[in-house]
Amino acid sequence: MPRPGAVAKYQRFLLKKLLPACNTLQQARRELFWIQKELPSEQWKQACIQRGRHLMPLQYILGNQPFGSVNIKCRPGVLIPRNDTEEWCSELVDVFRGSDTFSVLDMCTGSGCIALYLATELSNVTVLGGDISQDCISLANENIDVNKDIIKGKIKVDSMDLFQPLAGDKKFDVVVSNPPYIPTHELEKQEEVEKSVRLYEPRLALEGDLPVFKAMVTYYIIPSQCKVFILEIGSREQGQYTRSLLDESWVVGLRLDSAFRPRNVIGFRTDIESSIKRKLMTTIIELFKKQR
Ligand SMILES: C[S@@+](CC[C@H](N)C(=O)[O-])C[C@H]1O[C@@H](n2cnc3c(N)ncnc32)[C@H](O)[C@@H]1O
C-alpha cells in the first residue's frame with residue numbers, strides 16, 4: 001500500500017505530464033480522472049506522456065468516446081465523434097420518434113457514430129452507412145458488433161465514394177451526413193484547427209468544401225428520392241450553395257448549434273407529413289432563398 005504522500009506526489013507528477021495538452025489545471029485533472037478510470041495503472045504514465053508531450057487526443061488514448069448512449073470505439077485513422085454532431089443527432093431523433101418506419105443513408109459514416117445513435121434511440125429506423133475509408137468501415141463494423149444486442153441488425157455499412165453516383169437504384173427516406181467540410185486554406189491555418197487535430201485526425205475526414213455538397217446533392221440526395229436531409233456544414237455559404245442546387249420542391253434552411261455557429265443545412269420536400277415538417281421547422285433558424 002503506497003503512503004498517502006507518495007500517492008499525492010505521483011498524482012502531481014502525472015498532472016505535470018498532462019498539462020502541456022490542457023488549457024487549465026482543471027482540464028488536466030478531468031483528463032487524468034478519465035485516464036485513471038479507463039486504463040490500468042501501469043499505463044497511466046505512458047498515457048499522460050502521449051497526451052502531454054505528443055498531443056495525442058485523449059479519445060485515441062482511451063480508445064473510446066461516449067456519443068449519446070453509445071460508447072464509440074476510437075482509433076487513429078478515424079475521426080473522433082464530436083459533441084456538435086451529437087447535438088443535431090439528438091434533435092433528429094426527436095423529429096422522427098414515433099413516426100412510421102423509415103430508412104436512412106448516413107454518408108461519410110466514419111466510426112458509425114451517427115448511424116449508431118439513430119439505431120439505438122429509434123425502433124423505427126434502418127440505416128446504411130457509407131465511407132470511402134476501409135479503416136472507417138472496419139471500425140464502424142466493430143462498433144456495430146459491440147452494440148449488436150441493442151441495434152438488432154438495423155445498421156449495415158458499405159464502401160462508398162461520395163464522388164461516385166449511388167450504385168443501383170437504392171432509395172432512402174432520409175439522407176444524413178457529417179462530410180469533410182473544412183476548406184484547404186482553413187485547414188492549413190494554425191489558429192483555425194487545433195494542433196492535436198492536425199497531427200492525429202485523418203485529413204480525408206476534414207478537408208472539403210463546395211464540391212462535397214454538390215456531390216451529396218447530385219449523387220445522393222436527388223437520386224435516392226429522399227424527403228429529408230440534414231448535413232453538417234462549416235459555413236453558411238456551404239448551406240446556401242446546397243440550396244442553390246435544389247429546385248422549388250424543397251424547403252431548405254440553416255440550423256445553428258448551441259454556440260450559435262452555422263452547423264447544418266436541413267432540407268425537406270414540401271409534401272412531407274405535416275408533423276415532421278413542423279418539428280423540422282423548429283430546428284431551422286433561417287430559410288435559404290433560392291437565388292436566381
Ligand atoms: C467529418 S468525418 C465524419 C465521420 C462521422 N460521420 C462522424 O460524424 O464522426 C467525414 C468522413 O468522410 C469520409 N470521406 C472522405 N471522403 C469521402 C468520400 N469521397 N466518399 C465517402 N466518404 C468519404 C471520411 O473517411 C470520414 O470518415
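None of these values were measured; they are calculated from a predicted model. Counting starts at 1 for both ligands and their atoms, in listed order.
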Engineer: Given that the side chain starts at C-beta and the backbone is N, CA, C, O, which of these parts of P179 lies under 4.0 Å from ligand 1, counting heavy atoms, or is it both or neither?
Structural biologist: backbone

Engineer: Evaluate the criterion salt bridge (Lys or Arg N to Asp or Glu O under 4.0 Å) for residue pair R236 and E286; output intermediate values, then yes/no.
Structural biologist: CA-CA 10 Å; R236 192 179 175 284; E286 174 198 346; 2.3 Å; yes

Engineer: Using a strict cut-off of 4.0 Å, indicate which atoms of ligand 1 neighbour a heavy atom of F163.
Structural biologist: 19 (N)

Engineer: Looking at atom 8 (O) of ligand 1, what's its closest protein heavy atom, distance included?
Structural biologist: N178 ND2, 2.9 Å

Engineer: Taking only heavy atoms of C136 into account, list the atoms of ligand 1 that are under 4.0 Å away from them.
Structural biologist: 25 (O), 27 (O)

Engineer: At what distance is the nearest protein heavy atom to atom 20 (N) of ligand 1, and which residue and atom is it?
Structural biologist: L162 N, 2.8 Å

Engineer: Check the pair K154 / E121 against salt bridge (Lys or Arg N to Asp or Glu O under 4.0 Å), numbers first and verdict last.
Structural biologist: CA-CA 11 Å; K154 287 185 279 183; E121 291 293 327; over 6 Å; no

Engineer: Nearest 0.5 Å, please: how far is CG in N147 from CG in N71?
Structural biologist: 8.5 Å

Engineer: Pull out every atom of ligand 1 sitting under 4.0 Å from any heavy atom of M160, numbered as shown with elements.
Structural biologist: 20 (N), 21 (C)

Engineer: Using salt bridge (Lys or Arg N to Asp or Glu O under 4.0 Å), reason through E91 and R255 one step at a time and then give a plain yes or no.
Structural biologist: CA-CA 11 Å; E91 290 178 21; R255 176 189 167 273; 2.9 Å; yes

Engineer: In terms of heavy-atom contacts, does NZ of K289 have more than 12 from other residues, nucleotides or ligands at under 6.0 Å?
Structural biologist: no

Engineer: Any chance the side chains of S249 and D247 put a donor and an acceptor closer than 3.5 Å?
Structural biologist: yes

Engineer: Taking atom types as modelled and ignoring hydrogens, do the side chains of E31 and Q27 form a donor-acceptor contact shorter than 3.5 angstrom?
Structural biologist: yes

Engineer: Could you check atom 5 (C) of ligand 1 against the protein and tell me its nearest heavy-atom contact, residue, atom and distance included?
Structural biologist: T109 O, 3.3 Å

Engineer: Please work out which of G110, A215, C113 has its closest non-hydrogen atom nearest to atom 9 (O) of ligand 1.
Structural biologist: C113

Engineer: Within the side chain of D173, is there an N or O that forms a donor-acceptor pair under 3.5 Å with the backbone of S103?
Structural biologist: yes

Engineer: What protein heavy atom sits nearest atom 12 (O) of ligand 1, and how far off is it?
Structural biologist: C108 CB, 3.1 Å

Engineer: Nearest protein heavy atom to atom 22 (N) of ligand 1, by residue and atom, and its distance?
Structural biologist: I132 N, 3.3 Å

Engineer: Select one of side chain, backbone, both or neither to describe which atoms of E232 lie under 4.0 Å from any atom of ligand 1, heavy atoms only.
Structural biologist: neither

Engineer: With nothing but distance in play, are any N or O atoms of S133 less than 3.5 Å from an N or O of ligand 1?
Structural biologist: no

Engineer: So which heavy atom in the protein is nearest atom 15 (C) of ligand 1, and how far is it from that ligand atom?
Structural biologist: L204 O, 3.2 Å

Engineer: Relative to the heavy atoms of L79, which atoms of ligand 1 are at a distance of less than 4.0 Å?
Structural biologist: 1 (C), 2 (S), 9 (O)

Engineer: Return yes if some donor-acceptor pair links the side-chain N/O of D257 with the main-chain N/O of A259 below 3.5 Å, else return no.
Structural biologist: yes

Engineer: Could you label the plane-to-plane angle of the Y117 and F67 rings as parallel, tilted or perpendicular, counting under 30° as parallel and over 60° as perpendicular?
Structural biologist: perpendicular

Engineer: Could you check atom 27 (O) of ligand 1 against the protein and tell me its nearest heavy-atom contact, residue, atom and distance included?
Structural biologist: D131 OD2, 2.7 Å

Engineer: Starting from atom 1 (C) of ligand 1, locate the nearest protein heavy atom and write down its residue, its atom name and how far away it is, to 0.1 Å.
Structural biologist: A205 O, 3.0 Å

